[in-house]
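Below is one structure; the comments refer to it alone.
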Amino acid sequence: AQKITQTQPGMFVQEKEAVTLDCTYDTSDPSYGLFWYKQPSSGEMIFLIYQGSYDQQNATEGRYSLNFQKARKSANLVISASQLGDSAMYFCAMIREDSNYQLIWGAGTKLIIKP
Amino acid sequence: DTAVSQTPKYLVTQMGNDKSIKCEQNLGHDTMYWYKQDSKKFLKIMFSYNNKELIINETVPNRFSPKSPDKAHLNLHINSLELGDSAVYFCASRHRGTGGKNEQFFGPGTRLTVL
């Protein structure tokens, strides 16, 4: 069965520092996709970044990059130069390609940026 | 322009009642989803639906039923509400196509409180 694991329930990071949020996954599918979403205190779900299992390069979107290590089954999110507005819950998720591309979610990491 | 909208944003009701949450997307997507986020912020897929198939997560009680009058709408009906149904419910949509980011666009969420 597919599974997503986020081992960091919470993190405190000083503003302007880089931060890495951990995500490991388990799947037997050769083709899969991994996402990171941000959920601020206002509650909405904001798409950050996507990595396909066959993508040759690690995904990047502005200050966000995904450290994809396929052999280790990890897809860590790296936020460079953190800002106060980065304080939020961060969720790692995986596509279930056999089920209409439903998302399976990790438990989330609460990130707090300190000024 | 709102991409994925949900109504109501807040819903407070008594145990045993029947209620509906509406979801509409104006993105022209052909696949829609309902997710439940519990009090511990854990997200779980409930349903996915496109014009050909409905996929129901096996853990969802049959008191929950999705209704799709057309491709742009996927409403959630809940019968005989229970205390444990209190959660935030997210609607999402995605364009069913090959390649790309497979990104799902989320609605703002509906916070359901059952008293």
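Throughout, a chain's letter reflects where its sequence line sits, starting with A, and its residues are numbered from 1. This structure is a prediction, so every number in the text was calculated from the model and none was measured.
Hydrophobic clustering (ILVMFWY, side-chain heavy atoms < 4.5 Å, transitive): B:Val4 and A:Leu48 are in distinct clusters. B:Phe64 and B:Met15 fall within the same hydrophobic cluster, defined by Ile, Leu, Val, Met, Phe, Trp and Tyr side-chain heavy atoms under 4.5 Å apart, directly or through other members. Residues A:Ile46 and A:Ile4 do not share a hydrophobic cluster, defined by chaining ILVMFWY side chains whose heavy atoms lie under 4.5 Å apart. Residue B:Phe105 is not grouped with residue A:Tyr50 when hydrophobic side chains (ILVMFWY) are merged at heavy-atom distances under 4.5 angstrom, including chains of intermediate members. B:Ile78 and B:Leu115 fall into different hydrophobic clusters, where Ile, Leu, Val, Met, Phe, Trp and Tyr side chains are chained together by heavy-atom contacts under 4.5 Å.
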Exercise for the section: List the steps, then state whether ring-ring contact (aromatic ring centres under 6.0 Å, His included) holds for B:Phe106 with A:Phe47. Expected result: CA-CA 9 Å; B:Phe106 281 77; A:Phe47 166 78; 9.9 Å; no
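Other residues, nucleotides and ligands place more than 12 heavy atoms under 6.0 Å from the CD atom of A:Gln14. Environment of CZ in B:Phe42: crowded, with over 12 heavy atoms of neighbouring residues, nucleotides or ligands closer than 6.0 Å. Crowding of B:Asn62 atom CG: a count of heavy atoms from other residues, nucleotides or ligands under 6.0 Å not exceeding 12. Heavy-atom contacts from other residues, nucleotides or ligands closer than 6.0 Å to NZ of A:Lys114 number more than 12.
With rounding to the nearest 0.5 angstrom, the OG1 atom of B:Thr31 is 10.5 Å from the CD atom of A:Gln102.
Taking both residues in full, the closest heavy atoms of B:Phe90 and A:Met45 are given as CE2-CG, 3.9 Å, listed atom of the first, atom of the second, then distance. Smallest separation of non-hydrogen atoms from B:Gln37 and A:Phe91: NE2-CZ, 3.5 Å.
Of residues 66-79 of chain A, no residue lies under 4.5 Å from chain B by any heavy-atom pair. Of residues 103-113 of chain A, those residues lying under 4.5 Å from chain B by any heavy-atom pair are A:Leu103, A:Trp105, A:Gly106, A:Ala107.
Proximity to chain B (any heavy atom under 4.5 Å) is restricted, for A:Tyr37, to the side chain, taken from C-beta onward. When heavy atoms are compared at a cutoff of 4.5 Å, A:Gln51 does not approach chain B at all.
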